[in-house]
Amino acid sequence: MTDLALLSVTEAADAFARGEASAQALVKASLARIDAHDGQVNAVIRLDREAALEAAAAQDKARAAGAALGPLAGVPMMHKDMYYRAGRVSTCGSRIRRDFRPTRTATVLQRLDAAGAIDMGTLNMAEFAQNPTGHNAHFGDCHNPWNLPYCTGGSSSGSGAGVAARFFAAALGSDTGGSIRLPASICGATGIKGTQTRVSRSGVMPLSFSMDNVGPLTRTARDAARIMTVISGQDPLDPTSAPEPVPDYEAALTGDLRGVSVAVPREWFFDGADDVVVKGFEAALDALKARGASVTWLSCPSLRAIGTYVAVVSRVEAATIHANWMREHPGDYATHLSGRLYGGYAIPGTHYLEALSRRGPLLRQFCREAFAGHHVVATPTLRMRVPTLAETDIDASPDNWARHMAVSANTRPFNYLGIPTVSIPCGFDDRGLPIGLQLSARPFGEGRALAVADAYQRETDWHARVPAIPAAP
């Protein structure tokens, strides 16, 4: 019999709907996998074992009574520990909020609950979601399930590692500079950040007012499409959420790429790239061609300016959000994070306003450069091979700073532009660590990016591979 923990979101939901697996059995399979391996991976902060089993029993009872089932009914999920659930501790990966109990529940969690998903608890993350590697000085570093000394990517470290390790079918992460796509790429999962404003941020810890995104990490593009259909859409509690209608993203996944044109920018994304990553990316382009897509390499000069402005916006906005805590609890931050926040206070307001004012014009310029006659932009998610935790630990040595920041070089531009972007696995490097393919589309083009990602996954099986994790001692 198939281990139920190995089922994807759509497989688990469909098995539950058909009566082939109970919600309680699905949750117990996930719990068993966590018990066996999380001692090594350290993906979990809080495991709500009894609450999850009670919610699963309620789903089983509802199905037995013939009640209508939501599209995620019975599916075990966990979430980055920055999504508020009323009455339950949300640490945000920090010492400052180790006892924080919110009085409200995030809109996205309410929507997942209504769709029948089973919330099993919260996941490790970078402190206040502010590093791209997954280090955490307070809860311990999260480890890559493919090779434990290697980093997971961040800041949604537990979300990426847990999905890859098959601890649960899917997880919510957040993405301000790549924090969904980096763990997806580095751990071998699928992750999507939607168009800026596509998903409500109400009840979610903020990092950057204008660049935060909510989104899922999953096994497959189809899983991501189903979850995005559930969580997307306008929310009166988030005045920045867009009123754009939400399509059925899953219905658009046909596997057919005939007539689809893929653009590949020559600038930025390949600067100093490792050969094994470039080869994996080029092989991914060949797989897209096999599905009927055409590929065009082109020039996007706007990327140079974008790379500068994105850092200005995120640093100033993060420093503003943390101003009171930085005055009252400066010693409660990890060394690297306090250094990052202090740097935000030194950026002149004129530079910040310039960076904000240039976003619209640069988005229009990038769309002219990249999307004129093309449907998606393809790049490597990460330029480099997956680094170790030691190689990217900037608290241990400032000499690691350049490598630490290089991790997110290819993801940050799409946060500044605010366009939907997916990362999917597209191979493994010479050390057996995953390589990621990044696919971006025009604003509100999530369906297009997911359709290309799904077609690629029909052509390959990288997303289906399971890491051999040592059992916890």
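All values below come from the heavy atoms of this structure, side chains included, with hydrogens, waters and symmetry mates left out. Not measured: the values here are computed from a predicted model.
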Looking at Tyr416 and Leu363, would you say the former's side chain and the latter's main chain have a donor-acceptor pair under 3.5 Å? no

Assess the side chains of Thr133 and Thr392: does a donor N or O sit below 3.5 Å from an acceptor N or O? no

Hey, can you tell me if Tyr345 and Tyr342 have their rings parallel, tilted or perpendicular (30° and 60° cut-offs)? perpendicular

If you take all heavy atoms of Ala355 and Val312, which pair is closest and at what distance? CB-CG1, 4.0 Å

If the threshold is 4.0 Å, N to carboxylate O, is there a salt bridge linking Arg33 and Asp38? no

I would like to know whether Met78 and Val44 meet side chain to side chain contact (heavy atoms under 4.5 Å, CB included); could you show each step before the answer? CA-CA 9 Å; Met78 296 184 76; Val44 176; 3.9 Å; yes

Pair Thr195-Glu446, side-chain donor/acceptor within less than 3.5 Å: yes

Is it true that Glu317 and Ser208 share a donor-acceptor pair across their side chains at a distance under 3.5 Å? yes

As a quick check of understanding, evaluate salt bridge (charged side-chain N to carboxylate O under 4.0 Å, His left out) for Arg266 and Asp271, giving each step before the final call. CA-CA 9 Å; Arg266 294 190 181 92; Asp271 293 354; over 6 Å; no

Indicate whether any N or O donor in one side chain lies under 3.5 Å from an N or O acceptor in the other, for Ser159 and Lys80. no

Can a donor-acceptor pair be found between the side chains of Ser299 and Glu267 at a distance below 3.5 Å? yes

Counting only heavy atoms not in Asp275 (residues, nucleotides, ligands), do more than 12 fall under 6.0 Å from its CG? no

Kindly assign one of parallel, tilted or perpendicular to the pair Phe269 and Phe414, based on the angle between their ring planes and the thresholds 30° and 60°. parallel

When you check the side-chain N and O atoms of Tyr309 and Glu354, is any donor under 3.5 Å from an acceptor? yes

For a quick check under 3.5 Å, do His336 and Asp395 share a side-chain donor-acceptor pair by atom type? yes

Is any side-chain heavy atom of Pro216 closer than 4.5 Å to one of Met77? no

For Asn410, side chain to side chain donor-acceptor pair (under 3.5 Å) partners two or more places apart: Arg383

Mind checking side chain to side chain donor-acceptor pair (under 3.5 Å) for His351 and listing every partner two or more places apart, or none if nothing turns up? none

Within-4.5 Å side-chain heavy-atom neighbours: Ser423 and Leu437: no

Under 3.5 Å side-chain donor-acceptor pair for His143 and Gln40: no

Between the side chains of Gln196 and Thr240, is a donor N or O closer than 3.5 angstrom to an acceptor N or O? no

Is it the case that the side chains of Thr220 and Asp223 hold a donor-acceptor pair, with the cut-off being a distance below 3.5 Å and no angle test? yes

Lys/Arg-Asp/Glu bridge criterion (N-O < 4.0 Å) met for Arg111, Asp113: no

Exercise: identify the closest heavy-atom pair between Ala106 and Val204: CB-CG2, 4.3 Å

Could you walk me through whether Val108 and Tyr83 pass side chain to side chain contact (heavy atoms under 4.5 Å, CB included), step by step? CA-CA 8 Å; Val108 284; Tyr83 288 89; 3.6 Å; yes

With a 6.0 Å cut-off on the ring centroids, do Tyr333 and His322 count as close? yes

Modelled atom types, side-chain donor and acceptor of Gln438 and Thr379, under 3.5 Å: yes

Do the ring planes of His37 and Phe167 sit parallel (below 30°), tilted (30 to 60°) or perpendicular (above 60°)? parallel

Whether Arg97 and Asp332 form a salt bridge (side-chain N of Lys/Arg under 4.0 Å from carboxylate O of Asp/Glu) is what I want to check. no

Would you say the side-chain atoms of Thr122 and Arg88 include a donor-acceptor pair closer than 3.5 Å? no

Where is the tightest heavy-atom contact between Cys187 and Ala164, given as atom of each residue plus distance? O-CB, 3.1 Å

Any side-chain donor paired with an acceptor under 3.5 Å for Ser202 and Asp238? no

What distance do Asn415 atom CG and Asp212 atom CG have between them, rounded to the nearest 0.5 Å? 9.0 Å

